[in-house]
Amino acid sequence: MEPTASRAPEKFLKPYDPKTVEPAIYKKWEESGYFNPDVCIAKNVTSPDAEPFTIIMPPPNANGSLHAGHALFVTLQDIMTRYQRMRGKKTLWLPGADHAGFETQSVYEKKLEKEGRSRFDMQPADLYREIYDFTMASKSFMEGQLRQLGASCDWSRQMFTLDERVVDVVYKTFKKLSDDGLLYRGSRIINWCPKHQTSLSNLETNRISRVDNFYYFQYGPFVIGTARPETKFGDKYVVMHPDDTRYAQYTEGQQIPLEWINGPITATVIKDEAIDMTFGTGVMTITPWHDQADFDIAKRHDLPFEQVIDWRGKLLPIASEFSGMNIKDARAKIVEKLKEKGLLVKVDEAYAHEVPVCYKCEREIEPQVRPQWFITMQPLAQNATEAIKDKRVNILTEQHEKIALHWLENIQDWNISRQVVWGIPIPAKLCEACQDGFVDIDDTQHTCPTCGGAVTKDPDTFDTWFSSGQWPFATLGYPDSTDFKTFYPTTVMETGADILFFWVTRMLMLGLYRTSDVPFKYVYLHGMVRDAKGKKMSKSKGNVISPIDVSDQYGTDALRMGLTVGNVPGADMNLDPKKIEAYKKFANKLWNITRFILENNTSTPDQPTALPIPDEALRHEFDALTADVTREMEQFHFYLAAEKLYHYIWDRFASEILEESKLIFKHDASTDSGQATSERAARQETLLYILRNSLKLLHPFMPFITEEIWSSLPNAGLLMVEHWPA
RNA sequence: GCACCCUUAGCUCAGUUGGUAGAGCAACUCAUUUACACUGAGAAGGUCGCAGGUUCGAGUCCUGCAGGGUGCACCA
């Protein structure tokens with residue numbers, strides 16, 4: 001027997017090359033059908049009465065390519081899916097794609113801008129068609145990228161947020177909310193983006209700090225302060241705190257004639273406790289159409305409303321000579337006029353405050369009053385709060401549980417209508433005479449039930465999160481399908497901590513509302529993927545790391561390990577290409593471990609009587625590792641499980657056990673004693689035992705190389721459906 | 001203003017219910033036809049933000065403070 005005679009396949013003589021291996025492996029998996037739990041049952045891989053394990057994939061926005069955050073969720077969810085499948089659970093990972101309403105329309109509008117076009121010059125139907133084609137192309141492109149990242153999701157069950165099944169569920173939820181008195185159409189202050197020409201939810205606005213002028217004007221006997229003189233044309237009510245002794249002489253309802261921007265007016269005194277006596281002069285005039293606080297005061301005192309600024313951010317005829325001017329240009333001119341009239345008292349030039357901006361274009365939000373659909377959230381939020389407190393839903397990161405509860409306790413009504421074409425149309429009719437609307441999901445009502453007048457179809461679409469919020473039960477075919485009965489409530493919701501409010505809490509609320517059950521039992525939130533130095537990735541900074549490029553360069557397995565090890569749930573992580581490179585080396589290490597073991601696997605066909613003596617100590621040590629790794633997996637500590645495997649395989653298995661084994665294999669067969677031969681055979685068995693089981697434990701993390709090595713060992717079948725060592 | 005998180009080796013971060021601090025990367029010194037240079041060996045590096053408290057014992061629990069970050073909501 002020649003100890004150096006290689007029994008390792010030719011491929012092991014070269015370094016591991018992920019680029020040629022990975023696509024072929026994915027094809028094998030996909031063709032096997034094992035991503036589908038029904039196939040696993042049919043092929044006897046999973047028992048028909050096995051416990052289900054379900055993850056609904058957060059559907060990526062079908063408007064671009066995958067970013068590092070996508071790679072992270074694919075990695076984490078695929079780790080769980082592959083682990084549970086190997087544990088014998090009836091495992092479903094349901095993929096999807098999101099039309100992502102306003103998000104996608106914004107992306108497309110930018111594209112139009114580059115081409116010198118504008119959506120406002122287009123027929124809505126044409127715009128819809130173009131965005132539809134764009135989205136479908138992006139969608140299929142992204143599906144290819146998800147495959148490259150190794151996602152073992154069941155493509156046969158893939159859903160799109162505009163699929164009929166989803167829209168049907170969304171419409172019924174809308175109807176039910178209406179029937180239950182939780183939906184109303186209200187004229188309230190909304191966040192209006194003058195660029196995008198749509199309302200936005202509070203979550204879709206950001207605040208930026210700014211320093212502006214703060215003006216003090218003489219308003220009859222009062223001095224009022226404002227940062228927005230351009231809104232002041234229609235102000236006829238002057239408000240102060242009822243307890244403010246400085247203004248005790250003025251009484252509620254008192255009429256005061258005074259000179260204002262465009263001539264004499266009569267102001268009315270209002271007393272309201274919302275006034276902060278310490279701010280400015282303690283007196284303000286109100287502009288109910290363009291300010292939430294003013295709106296609330298006006299509602300309390302039943303005061304009239306008047307629009308001053310139009311939907312494009314230009315002044316209306318109420319501004320007389322300033323009419324038609326952009327508010328930004330008008331401000332200085334208005335101040336100038338007030339100054340000429342001797343009404344400007346002083347200017348504070350260092351007024352630091354925060355202004356709300358559109359989270360997409362950063363343009364200043366113009367509060368406007370516009371009739372919109374709102375959901376009364378308190379009752380829904382209360383049920384969600386109880387589910388969290390009762391641990392029917394386990395938010396695995398304690399800090400996010402606190403944040404979620406805090407948000408739910410302070411919830412505000414949700415504006416779910418958007419003035420964008422790209423979305424699910426709101427199934428409602430509007431009556432011009434009544435200035436109201438009503439729900440009509442079957443499109444059967446053609447006159448107003450209140451006044452009998454003519455009605456038109458509501459031109460608005462739903463906030464994309466209203467439909468996304470119903471994703472877990474809508475995708476599973478609520479209420480009657482077998483899938484819904486089998487896989488709902490889902491097991492884990494794994495998604496980004498940044499969409500805790502946008503999505504997770506809303507899924508919880510709407511899931512409880514529609515199905516009377518939680519949509520998921522565990523919530524695993526990951527943080528943001530930052531660059532190597534911890535900076536947020538952005539195109540303008542040029543520090544964006546494309547997971548697809550990283551996968552091309554180092555292999556998907558290395559990328560996945562780099563995204564897993566050291567990534568604590570809920571915390572942001574830094575993605576350093578050097579770290580990925582380290583795991584590429586690890587993949588090669590594993591490759592060479594295999595080569596060594598196969599080269600020395602010349603196990604004694606000429607001595608059939610020599611029984612292998614298992615190396616009990618090594619096996620026990622490995623079994624202890626298995627138990628440890630399994631425990632970490634059960635606790636969602638993937639970062640520890642992966643790290644422990646890495647260290648065992650490199651520092652213990654390769655550096656010590658394999659090195660020590662060289663002494664055993666060195667014996668020349670011609671002079672071997674029987675004992676040496678059986679010792680060698682025993683060691684060979686042990687090494688194979690450790691290798692095979694290491695591959696199993698490592699498979700969820702590094703699925704490609706483990707499957708590839710597995711195929712070179714004397715095994716039948718695919719590693720992805722082997723049983724997890726227990 | 002309300003809430004949440006963080007502060008541990010040069011850098012990035014782990015550290016499960018309290019039991020005398022760990023990893024990766026970087027840097028340093030060696031080794032060189034080895035399963036693998038996508039390698040190996042070795043050494044170095046920390047009063048765990050500060051101050052109290054609980055405890056036989058605190059990186060870990062409690063209180064306060066300082067610094068950094070995040071979210072939410074107002075401000076005429």
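Order of the sequence lines sets the chain letters (A, B, ...), proteins ahead of strands, with each chain counted from 1. What you see is a predicted model, and the numbers here were worked out from it, not measured in a lab.
The listed nucleotides are rA76(B), rA14(B), rC5(B); the one nearest the side chain of Phe279(A) is rA76(B). Among the nucleotides rA73(B), rA23(B), rA76(B), the one closest to the side chain of Asp276(A) is rA76(B). With rC74(B), rG15(B), rC2(B) as the choices, the nucleotide that has an atom nearest any side-chain atom of Glu354(A) turns out to be rC74(B). Counting only heavy atoms from C-beta on, His353(A) has its side chain closest to rC75(B) among rC75(B), rA14(B), rA35(B). Closest to the side chain of Asn574(A), out of rA73(B), rA76(B), rU12(B), is rU12(B). The side chain of Arg631(A) approaches rU16(B) more closely than any other nucleotide in the set rA76(B), rC4(B), rU16(B). Listed nucleotides: rA14(B), rA35(B), rA73(B). Nearest to the side chain of Gln412(A): rA73(B). Among rA35(B), rC72(B), rA3(B), the nucleotide with an atom closest to any side-chain atom of Ile593(A) is rA35(B). In this structure, of rG71(B), rG24(B), rA35(B), it is rG24(B) that holds the atom nearest to the side chain of His647(A). Here the side chain of Arg595(A) is nearest to one of rA35(B), rA76(B), rC25(B), namely rA35(B).
Comparing the same atom, P, in rG24(B) and in rA43(B) gives a spacing of 15 Å after rounding to whole Å. Going from the P atom of rA23(B) to that of rG42(B) covers 13 Å, rounded to whole Å. rG10(B) and rC4(B): their C1' atoms are spaced 30 Å apart (whole Å). Rounded to the nearest Å, the gap between the C1' atom of rG22(B) and that of rU16(B) is 15 Å. One C1' atom belongs to rG46(B), the other to rC13(B), and the distance between them is 14 Å to the nearest Å. The C1' atoms of rU17(B) and rU70(B) are separated by 29 Å, rounded to the nearest whole Å. If you take atom C1' in rC6(B) and the same atom in rG59(B), they sit 14 Å apart, rounded to whole Å. Spacing between rG15(B) and rA9(B) at atom C1', rounded to whole Å, works out to 14 Å.
Applying the 4.0 Å criterion to OP1 and OP2 of rA76(B), one finds that Tyr351(A) has a side-chain N or O inside that range. Phosphate contact (OP1/OP2 of rA35(B), side-chain N/O of Lys662(A), threshold under 4.0 Å): present. Within the structure, a side-chain polar atom (N or O) of Tyr639(A) is placed less than 4.0 Å from OP1 or OP2 of rG15(B). Remark: Lys579(A) is not in phosphate contact with rA23(B), judged by side-chain N or O atoms under 4.0 Å from OP1 or OP2.
Ile275(A) comes within 4.0 angstrom of a base, heavy atoms only. Counting non-hydrogen atoms under 4.0 angstrom, Val239(A) reaches nothing in the nucleic acid.
Between Arg210(A) and Asp212(A) there is a salt bridge, with a side-chain nitrogen of the basic residue lying less than 4.0 Å from a carboxylate oxygen of the acidic one. Between Glu409(A) and Lys389(A) a salt bridge is recorded (basic side-chain N to carboxylate O distance below 4.0 Å). Salt bridge annotation for Arg246(A)-Asp244(A): present, with a cationic side-chain nitrogen under 4.0 angstrom from a carboxylate oxygen. Between Arg300(A) and Glu273(A), no side-chain nitrogen of the basic residue sits less than 4.0 Å from a carboxylate oxygen of the acidic one, so the salt-bridge criterion is not met.
Met493(A) has its side chain out of reach of Tyr524(A): every pair of non-hydrogen atoms, C-beta onward, lies at least 4.5 Å apart.
The distance from atom CH2 of Trp407(A) to atom P of rG71(B) is 15 Å, rounded to the nearest whole Å. Going from atom CD of Gln635(A) over to atom P of rG15(B) covers 12 Å, rounded to whole Å. Residue Asn191(A) contributes atom CG, which lies 12 Å from atom P of rC72(B) at whole-angstrom precision. In this structure, Tyr648(A) places its OH atom 22 Å from P of rG22(B), rounding to the nearest Å. The OH-P distance, from Tyr554(A) to rC25(B), rounds to 13 Å in whole Å. Rounded to whole angstrom, the span from the CD1 atom of Ile580(A) across to the P atom of rU12(B) amounts to 18 Å. To the nearest angstrom, P of rA35(B) lies 17 Å from CD of Glu656(A). Protein atom CD of Gln399(A) is 19 Å distant from nucleotide atom P of rG69(B), rounded to whole Å.
With Ile593(A) as the fixed residue, the side-chain contact (heavy atoms from CB on, under 4.5 Å) test singles out one of Ile690(A), Leu658(A), Leu687(A): Leu658(A).
Checked against the 6.0 Å centroid threshold, Phe638(A) and Tyr83(A) do not count as a close aromatic pair. Ring centroid separation for the pair Tyr554(A) and Tyr583(A) does not come in under the 6.0 Å cut-off.
Between Ala404(A) and Thr505(A), the closest heavy-atom pair is CB-CG2, 4.2 Å.
Between Tyr216(A) and Phe214(A), the ring planes lie perpendicular to each other; the angle is over 60°, past the 30° to 60° tilted range. Classification of the Phe586(A)-Tyr646(A) ring pair by plane angle, with boundaries at 30° and 60°, yields tilted.
Residue-to-nucleotide proximity on RNA chain B shows that, of Ala274(A) and Asn410(A), the 5′-proximal contact is made by Asn410(A). The residue among Tyr583(A) and Thr594(A) whose nearest nucleotide of RNA chain B is located toward the 5' end is Tyr583(A).
Cation-pi check for Arg188(A) over Phe374(A) is met; the charged atom lies under 6.0 angstrom from the ring centroid and within 45 degrees of its normal.
Side chains of Asp272(A) and His241(A): a donor-acceptor N/O pair is absent below 3.5 angstrom, by distance only. Asp531(A) and Asn574(A) share no donor-acceptor pair across their side chains, judged by distance under 3.5 Å alone.
With hydrogens and angles disregarded, no donor-acceptor distance shorter than 3.5 Å links the side chain of His400(A) to the backbone of Leu525(A).
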Legend entry - B/S/- contact track for nucleotides 38-45 of chain B, protein heavy atom under 4.0 Å: BSS-----
Legend entry - Secondary-structure notation, RNA chain B, from Watson-Crick and G-U pairs under 3.5 angstrom (| other strand): (((((((..((((.....[..))))..((((.......))))......(((((..]....))))))))))))....
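Non-hydrogen atoms lying under 4.0 Å from RNA chain B are contributed by Asp291(A), Ala293(A), all within residues 289-304 of chain A.
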